[in-house]
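In what follows, a structure is listed as structure tokens, so that the remarks can point back to it.
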Amino acid sequence: MKFFVDTADLAEIRELASTGLLDGVTTNPSLVAKTGGNFLDLIAAICEIVPGPVSAEVAATDFETMLAEGRHLARIAPNVTVKVPLTPDGLKACKALTGDGTMVNVTLCFSAGQALLAAKAGATFVSPFVGRLDDLSTDGMALIDDIVQIYRQYPAIATEVLVASVRHPMHLVAAAKMGAHVATIPPAVIRQLFKHPLTERGLEQFVKDWATTGQSILGEPGEAVQPLRKPA
Ligand code: G3P
């Protein structure tokens, strides 16, 4: 499963990209508003940091303006993925933009029927919002399961399920078990994924026990390392 980070915060993106674990980035107007920076410059900077798909959402809601905005965003960098809402005009823009060869992420998906429409519109990604469904006591992960199962019936569907509105690590585990293609993850949830008390406790004990050996793998500073295995 591909890991995208769901943020427009450059410092967070730089730090997480340095782990080598990031496959892409998603932003949305709310995340961009939080940064306060110039949107086009921000997307250009993110595309420099992460070579994978970088979602940049149109602001308009009518087809003509969404198409113009999408084409403008696509000119920023080859890895720009234009994000459009799952509306009739949004899917019309999706079809036109994918026809241009631009990647499109159809967002604000909340039903399997909507996901079918996104696939028919040729979306590169569809973003079902699991957290916002959970917030309404509706099983967001059940929607992911439905969409993955439906898409699997039709090998011609190239649209990837991009699990969005992730709230905790178990959303990721469930998404991976269902075979979702991508998850876009808030930075805090990515950090939670690393954590386990037994890992921390085990490492502490390894460090303590190694210290009792009095040895150093790198030897003294400047000491030549004698190769144990003769080079072939
Ligand atoms: O960016 C799309 C989606 O991941 C936002 O989810 O519910 O955290 O605003 P949410």
Side-chain angles (χ1 to χ4, degrees), residues 1-13 16-17 21-37 39 42-43 45-47 49-50 52-61 66 69-70 73 76 79-87 90-91 93-94 103-112 114-115 117-118 123-145 147-148 159-176 178 180-193:
M1 186 169 77
K2 285 176 269 188
F3 276 26
F4 290 6
V5 66
D6 197 29
T7 184
D9 183 311
L10 283 179
E12 293 271 29
I13 293 169
L16 289 168
L21 300 175
L22 272 198
D23 300 303
V25 181
T26 55
T27 71
N28 64 42
S30 306
L31 293 170
V32 170
K34 270 188 207 162
T35 66
F39 179 41
L42 182 65
I43 295 302
I46 297 173
C47 289
I49 300 167
V50 179
V54 175
S55 288
E57 192 159 341
V58 297
T61 55
M66 275 197 265
E69 289 179 346
L73 290 169
I76 293 173
N79 53 325
V80 163
T81 304
V82 177
K83 223 178 185 185
V84 296
L86 212 157
T87 61
L91 294 190
C94 173
M103 289 189 284
V104 178
N105 178 0
V106 173
T107 191
L108 289 168
C109 173
F110 293 97
S111 75
Q114 285 181 317
L117 289 170
T124 313
F125 304 104
V126 64
S127 290
F129 280 29
V130 297
R132 294 194 192 184
L133 285 167
D134 287 357
D135 293 345
L136 296 180
S137 307
T138 309
D139 186 349
M141 292 315 299
L143 173 60
I144 300 301
D145 202 24
I147 298 171
V148 168
T159 303
E160 294 193 349
V161 180
L162 194 166
V163 180
S165 189
V166 164
R167 295 279 192 273
H168 48 71
M170 289 320 290
H171 274 154
L172 295 166
V173 172
M178 292 170 183
H181 306 87
V182 191
T184 192
I185 316 160
V189 176
I190 295 182
R191 290 194 186 91
Q192 278 178 278
L193 274 176

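None of these values were measured; they are calculated from a predicted model. Ligands are counted one by one from 1 in listed order, and the atoms in each one are counted from 1 as well.
Here Arg132 contributes atom CZ and Cys109 contributes atom SG; the two are 12.5 Å apart, rounded to the nearest 0.5 Å.
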Ligand 1 N/O to protein N/O, distances under 3.5 Å:
{"residue": "ligand 1", "atom": "1 (O)", "partner": "Asp6", "partner atom": "OD1", "Å": "2.9"}
{"residue": "ligand 1", "atom": "1 (O)", "partner": "Asp6", "partner atom": "OD2", "Å": "3.2"}
{"residue": "ligand 1", "atom": "1 (O)", "partner": "Asn28", "partner atom": "ND2", "Å": "2.8"}
{"residue": "ligand 1", "atom": "1 (O)", "partner": "Lys83", "partner atom": "NZ", "Å": "3.4"}
{"residue": "ligand 1", "atom": "4 (O)", "partner": "Asp6", "partner atom": "OD2", "Å": "2.6"}
{"residue": "ligand 1", "atom": "4 (O)", "partner": "Ser165", "partner atom": "N", "Å": "2.9"}
{"residue": "ligand 1", "atom": "7 (O)", "partner": "Arg132", "partner atom": "NE", "Å": "2.8"}
{"residue": "ligand 1", "atom": "7 (O)", "partner": "Ser165", "partner atom": "OG", "Å": "2.7"}
{"residue": "ligand 1", "atom": "7 (O)", "partner": "Arg167", "partner atom": "NH1", "Å": "3.2"}
{"residue": "ligand 1", "atom": "7 (O)", "partner": "Arg167", "partner atom": "NH2", "Å": "3.3"}
{"residue": "ligand 1", "atom": "8 (O)", "partner": "Arg167", "partner atom": "NH1", "Å": "3.2"}
{"residue": "ligand 1", "atom": "9 (O)", "partner": "Arg132", "partner atom": "NH2", "Å": "2.7"}

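Residues satisfying the ring-ring contact (aromatic ring centres under 6.0 Å, His included) test with His181, not counting sequence neighbours, are none. Partners of Phe129 under the ring-ring contact (aromatic ring centres under 6.0 Å, His included) rule, at least two apart in sequence or in another chain, are Phe110.
Side chain of Glu69 to main chain of Ala60: a donor-acceptor pair is present (N/O by atom type, distance under 3.5 Å, no hydrogens or angles).
Side-chain contact, Asn105 with Thr81: no donor N or O sits under 3.5 Å from an acceptor N or O.
Residue pairs meeting the salt bridge (charged side-chain N to carboxylate O under 4.0 Å, His left out) criterion with at least one partner in residues 1-13, sequence neighbours excluded, are Lys2-Glu160, Glu12-Arg191.
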